[in-house]
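Structure first, commentary second.
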There are 2 protein chains.
Amino acid sequence: MNESVFKAMSDSTRRKIIELLKDGPKTAGEIASHFSHAQPTVSRHLSVLKNANLVVDQREGTFIVYRLNTTILQEWLAWLLEHFGGGDLDEKE
Amino acid sequence: MNESVFKAMSDSTRRKIIELLKDGPKTAGEIASHFSHAQPTVSRHLSVLKNANLVVDQREGTFIVYRLNTTILQEWLAWLLEHFGGGDLDEKE
DNA sequence: TGATTATATAGCTAAATAGCTAAATAGTAA
DNA sequence: TTACTATTTAGCTATTTAGCTATATAATCA
């Protein structure tokens with residue numbers, strides 16, 4: 001599993017962006033409007049997510065639309081479950 | 001969900017420690033021996049995990065035994081699944 | 001007590017990160 | 001072209017982090 005996905009998901013602002021995008025694609029401006037950070041700050045978070053391949057962007061006129069790359073997100077969750085989930089973790093003593 | 005858990009899990013060395021502890025409790029020295037880092041470096045990672053409550057430690061003579069706090073780990077995974085997993089993520093276009 | 005072993009803490013450096021403002025880029029429209 | 005809007009990139013600062021070595025702490029044993 002790619003380290004960049006873990007780093008991307010370790011920030012609370014970026015996790016909120018992912019949650020926003022679960023509801024459907026949004027422009028950079030729409031996303032930024034949900035936060036109290038300066039707009040370039042949110043743009044930077046978007047580029048971290050893009051770098052981790054967790055989102056993809058597409059220009060539409062003057063707007064740039066971001067959408068979730070659900071594949072990567074699902075693969076990450078699957079990896080986590082495989083490595084840390086389930087198993088009989090009953091070695092109490 | 002506690003931010004410290006995300007930060008703790010975002011480091012590859014710490015994730016490997018968690019995986020080691022899934023196999024059962026281990027002393028700090030045993031854990032350190034699995035890595036090429038200096039012993040204090042691994043000790044620091046252990047304290048990050050302890051701070052996130054992902055592991056607990058217990059002195060046994062001169063040794064300090066670390067064990068996984070499976071509750072926190074499971075809660076983290078459950079949180080992730082709840083927030084990012086499942087759902088009909090079929091908004092392709 | 002002093003010596004030994006296991007581990008943590010202190011103190012440092014280099015690198016990464018998140019925030020900001022200001023400037024650049026890209027598209028649209030007059 | 002100029003003007004306007006949406007967004008990114010540049011460049012900065014402050015903070016955090018991961019690594020190191022050296023030192024401190026704690027338990028055991030002679």
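Reminder, nothing fancy here: chain letters follow the sequence lines and each chain counts from 1.
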query = Hey, is the main chain of B/Y66 close enough, under 3.5 Å, to the side chain of B/K50 for a donor-acceptor pair?
reply = no
message = If you only use heavy atoms from C-beta on, which nucleotide in D/dA27, D/dG19, D/dT21 is closest to the side chain of B/P40?
response = D/dT21
key: Spacing between A/K50 atom NZ and D/dT9 atom P, to the nearest angstrom   = 6 Å
task = For the side chain of A/T41, starting at C-beta, report the closest nucleotide among C/dA6, C/dG19, D/dA27.
result = C/dG19
task = Nearest whole angstrom, please: distance from the P of C/dT25 to the CZ of A/R59.
result = 13 Å
ask   = Is any side-chain nitrogen or oxygen of A/Y66 closer than 4.0 Å to OP1 or OP2 of D/dA6?
value = no
ask   = Any side-chain N or O of B/H45 under 4.0 Å from OP1/OP2 of D/dT17?
value = no
ask   = To the nearest angstrom, how far is A/I64 atom CD1 from C/dA26 atom C1'?
value = 8 Å
message = Between B/T27 and C/dA6, is there a contact of a side-chain N or O with OP1 or OP2 at under 4.0 Å?
response = no
request  = Could you tell me whether A/R15 and B/E3 have a side-chain N and a carboxylate O separated by less than 4.0 Å?
outcome  = yes
query = Would you say a side-chain N or O of B/R14 is under 4.0 Å from OP1 or OP2 of D/dA18?
reply = yes
inquiry  = Once rounded to the nearest 0.5 Å, what's the spacing between atom CZ of A/F84 and atom CG of B/L77?
reply    = 8.0 Å
